[in-house]
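Note that the coordinates shown come from a computational prediction; the quantities given were computed from them, not determined experimentally. We number each residue from 1, following the sequence as shown.
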Amino acid sequence: MKKFFNMNFKSLSTVVTTSLISLAPLTIDSANAEEYRKGLYSSYSLGTGTYSDLILSGTIFSLPFDYGFSYEAGIGYDFGKRFRTELSYTNTTSAISTGNQAKFGSFMLNGYIDFPFDNSKWAPFVGAGIGSTNVDATNLCTAGGTDDCKDNVSTFAISGGVNYALNDTTEITTKVTYLGFGDVDVTDDGTLIRVTGSETLSYRIGLTFKF
């Protein structure tokens, strides 16, 4: 299933690249830029996400993960028509077939480029970010023994989506987010397990409120 996630990442990258190329001719008009609201905003979204399937190094034991609940909350600043920055917290829970779960809580600093269509309520966007994720695999570790099944890892984000303006202060937001993690180290029953090249992929919908 690792191939599936690589394909998802490639698909997301293709969408982002295509959006940038097709929308590149849109330029910032200093006269019209003032029509776009500037200032603080907050965002809240719910959806689903999954952790990448794993084949643990040195074993033939694989862990296929299913989609679970995912949410995000953030506060940011909109500089006007084109650019936003945002500090967000995302959380995704993903389980294996037995029901045992892993949780991923991420604090991220993101930057977004918006591509609003003239005379339209629609505004596609792309984004990227860096931050840190707390990986909690306690529920996956063997009960008893010497366990340390949590780790904090560096994280990068790539995202894309669309905003739809309900009015001057409220938008509906749909977004796809890929989070890539640094090496995850956990100790299960005294054995160090290192997971490399893992990630989460999430799909969310929510509301953005401009102050």
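- Hydrophobic clustering (side-chain heavy atoms under 4.5 Å, transitive across Ile, Leu, Val, Met, Phe, Trp, Tyr) groups Tyr67 together with Tyr178.
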For Val195 and Leu54: C-alpha separation, side-chain torsions, deciding distance, then whether side-chain contact (heavy atoms from CB on, under 4.5 Å) applies. CA-CA 8 Å; Val195 180; Leu54 303 177; 3.6 Å; yes
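- When the shell of 6.0 Å around NZ of Lys210 is examined, it contains more than 12 heavy atoms from other residues, nucleotides or ligands.
- Of the N and O atoms on the side chains of Thr173 and Asn163, at least one donor lies less than 3.5 Å from an acceptor on the other residue.
- In this structure, OG on Ser94 lies 12.0 Å from CG on Asn100, to the nearest 0.5 angstrom.
- The CZ atom of Phe211 sits 3.5 Å away from the OG atom of Ser42 when rounded to the nearest 0.5 Å.
- Scanning for salt bridge (charged side-chain N to carboxylate O under 4.0 Å, His left out) contacts around Lys175 gives Glu72, with sequence neighbours left out.
- Every residue was checked against the salt bridge (charged side-chain N to carboxylate O under 4.0 Å, His left out) condition with Glu86, not counting sequence neighbours, and none meets it.
- Salt bridge status for Asp114 with Lys81: absent, with no side-chain N to carboxylate O gap under 4.0 Å.
- Ring centroids of Phe117 and Trp122 are separated by 6.0 Å or more, keeping the two rings apart.
- Other residues, nucleotides and ligands contribute more than 12 heavy atoms inside 6.0 Å of the CG atom of Asn167.
- Under the salt bridge (charged side-chain N to carboxylate O under 4.0 Å, His left out) criterion, Asp185 pairs with Arg194, sequence neighbours left out.
- Judged by distance alone, the side chains of Thr208 and Ser43 never bring a donor and an acceptor atom under 3.5 Å apart.
- Ring planes of Phe125 and Tyr112: perpendicular class, angle over 60° (limits at 30 and 60°).
- Within 6.0 Å of CD1 in Ile130 there are 12 or fewer heavy atoms belonging to other residues, nucleotides or ligands.
- Ring-plane geometry between Tyr77 and Phe79 is classed as perpendicular, the angle between the planes exceeding 60 degrees on a 0 to 90 degree scale with a lower cut at 30.
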Give the C-alpha distance, both sets of side-chain angles, the deciding distance and a yes or no for side-chain contact (heavy atoms from CB on, under 4.5 Å) between Tyr44 and Tyr71. CA-CA 8 Å; Tyr44 311 90; Tyr71 66 88; over 6 Å; no
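- Relative ring orientation between Phe65 and Tyr51 is described as perpendicular, the plane-to-plane angle rising above 60° on a 0-90° scale split at 30° and 60°.
- In terms of modelled atom types and a separation under 3.5 Å, the side chain of Asn134 and the main chain of Gly105 share no donor-acceptor contact.
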